[in-house]
Amino acid sequence: MIHHLTCIVCPNGCALTYDDKLDEVKGNKCPRGESFAKEEILAPKRNLTALVKTIYSNQPVVSVRLSNKILKKDIFQAMKIIDEIIIDHPMKLGDIIIKDFLNYQDVNLILTKDVKGE
Ligand code: SF4
């Protein structure tokens, strides 16, 4: 099967095709397009931003993000875990809430805002 996709790695936006029988990418102006196309078709990954709850009425939720992309198929499970978190003490922007999130060695769930407490 031939898959058609647009490379989003840089502003050139090359129109790519990926032939899954030949494992061949065409249309890419640089090697990054080949990696992008293969990952996007064979094992698509996404980053994730979300809100987690706190115990503080003056800041009932706070924003978080993953430090790296995870497989798209794991996003639903990730959201379930994030939904159960309740922050109960002051924390700083960049603090790690969960290390090695979903057992990914290079992915942490981190705060993108301070939790000041009351
Ligand atoms: S293939 Fe290379 S040049 Fe084309 S959009 Fe992707 S990164 Fe940019």
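Quick note: numbers below take in every heavy atom, side chains included, and nothing from hydrogens, waters or symmetry partners. Just so it is clear, the model here is predicted, and its values are computed rather than measured.
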Exercise for the section: Please tell me if the side chains of Pro90 and Lys116 come closer than 4.5 Å, counting only heavy atoms from C-beta onward. Expected result: no
Handout entry: Leu66 versus Phe101, closest heavy-atom pair with distance
Key = CD2-CD2, 3.7 Å
Fill in the blank from the handout: Between the NE2 atom in His4 and the CD1 atom in Ile41, the distance rounded to the nearest 0.5 Å is 10.0 Å
Problem - Heavy-atom side-chain proximity of Ile75 to Arg46 below 4.5 angstrom - result: yes
Handout entry: Min side-chain heavy-atom separation Leu93-Lys113 under 4.5 Å
Key = no
Practice task
Provide the closest heavy-atom pair for Leu5 versus Phe36 in the form atom of the first, atom of the second, distance.
Solution key: CD1-CE2, 3.7 Å
Exercise for the section: Mark yes or no for whether Asn108, through its side chain, and Ile110, through its backbone, hold a donor-acceptor pair below 3.5 Å. Expected result: no
Handout entry: Ile86 versus Ile55, closest heavy-atom pair with distance
Key = CG2-CG2, 3.7 Å
Exercise for the section: Can you measure from OG (Ser57) to CD (Glu118) and round to the nearest 0.5 angstrom? Expected result: 4.0 Å
Exercise for the section: Classify the side-chain pair Tyr104/Asp74 by whether it contains a donor and acceptor separated by less than 3.5 Å. Expected result: yes
Exercise for the section: Find the distance between OH (Tyr18) and CG (Leu42) and round it off to the nearest 0.5 Å. Expected result: 4.0 Å
Problem - Test item: Lys45 and Asn68 side chains (from C-beta on) under 4.5 Å apart, heavy atoms - result: no
Exercise for the section: Check whether any side-chain N or O of Asp23 sits under 3.5 Å from a backbone N or O of Asp20 as a donor-acceptor pair, and report yes or no. Expected result: no
Fill in the blank from the handout: All heavy atoms of Gln59 vs all of Val62, minimum pair found to be NE2-CG2, 3.9 Å
Fill in the blank from the handout: Heavy-atom nearest pair, Leu48 first then Ala78, reads CD2-CB, 3.8 Å
Handout entry: Check ion pair Glu34-Lys38 (N to O, under 4.0 angstrom)
Key = yes
Handout entry: Single-linkage hydrophobic cluster, 4.5 Å side-chain cutoff, Val107 and Leu71 together
Key = yes
Fill in the blank from the handout: The reported gap from CD1 in Ile97 to CZ in Arg65 (rounded to nearest 0.5 angstrom) is 11.5 Å
Problem - Rounded distance (nearest 0.5 Å) linking atom SG of Cys30 with atom CG of Asn12 - result: 8.0 Å
Problem - Leu111 and Ile96: CA distance, side-chain angles, deciding distance, side-chain contact (heavy atoms from CB on, under 4.5 Å) verdict - result: CA-CA 7 Å; Leu111 274 176; Ile96 295 173; over 6 Å; no
Exercise for the section: Identify the heavy atoms of Asp100 and Gln105 that sit nearest to each other, and give their distance. Expected result: OD1-O, 2.9 Å
Problem - Side-chain heavy atoms of Lys21 within contact of Met1, under 4.5 Å - result: no
Handout entry: Contact check, side chains of Val64 and Thr112, non-hydrogen atoms, under 4.5 Å
Key = no
Practice task
Please examine the side chains of Leu109 and Ile81, heavy atoms only from C-beta on, and report whether any two atoms are closer than 4.5 Å.
Solution key: no
Exercise for the section: Before accepting this row, confirm whether a basic side-chain N of the pair Lys26/Glu24 lies closer than 4.0 Å to the acidic partner's carboxylate O. Expected result: yes
Handout entry: Side chain proximity check, Thr54 to Val61, heavy atoms < 4.5 angstrom
Key = no
Exercise for the section: Carefully, step by step, assess Leu102 and Gln77 under the rule side-chain contact (heavy atoms from CB on, under 4.5 Å). Expected result: CA-CA 9 Å; Leu102 282 175; Gln77 189 184 356; 3.6 Å; yes
Handout entry: Rounded distance [0.5 Å steps], SG in Cys7 versus NZ in Lys29
Key = 10.5 Å
Problem - More than 12 heavy atoms from other groups under 6.0 Å of CG on Asn103 - result: no
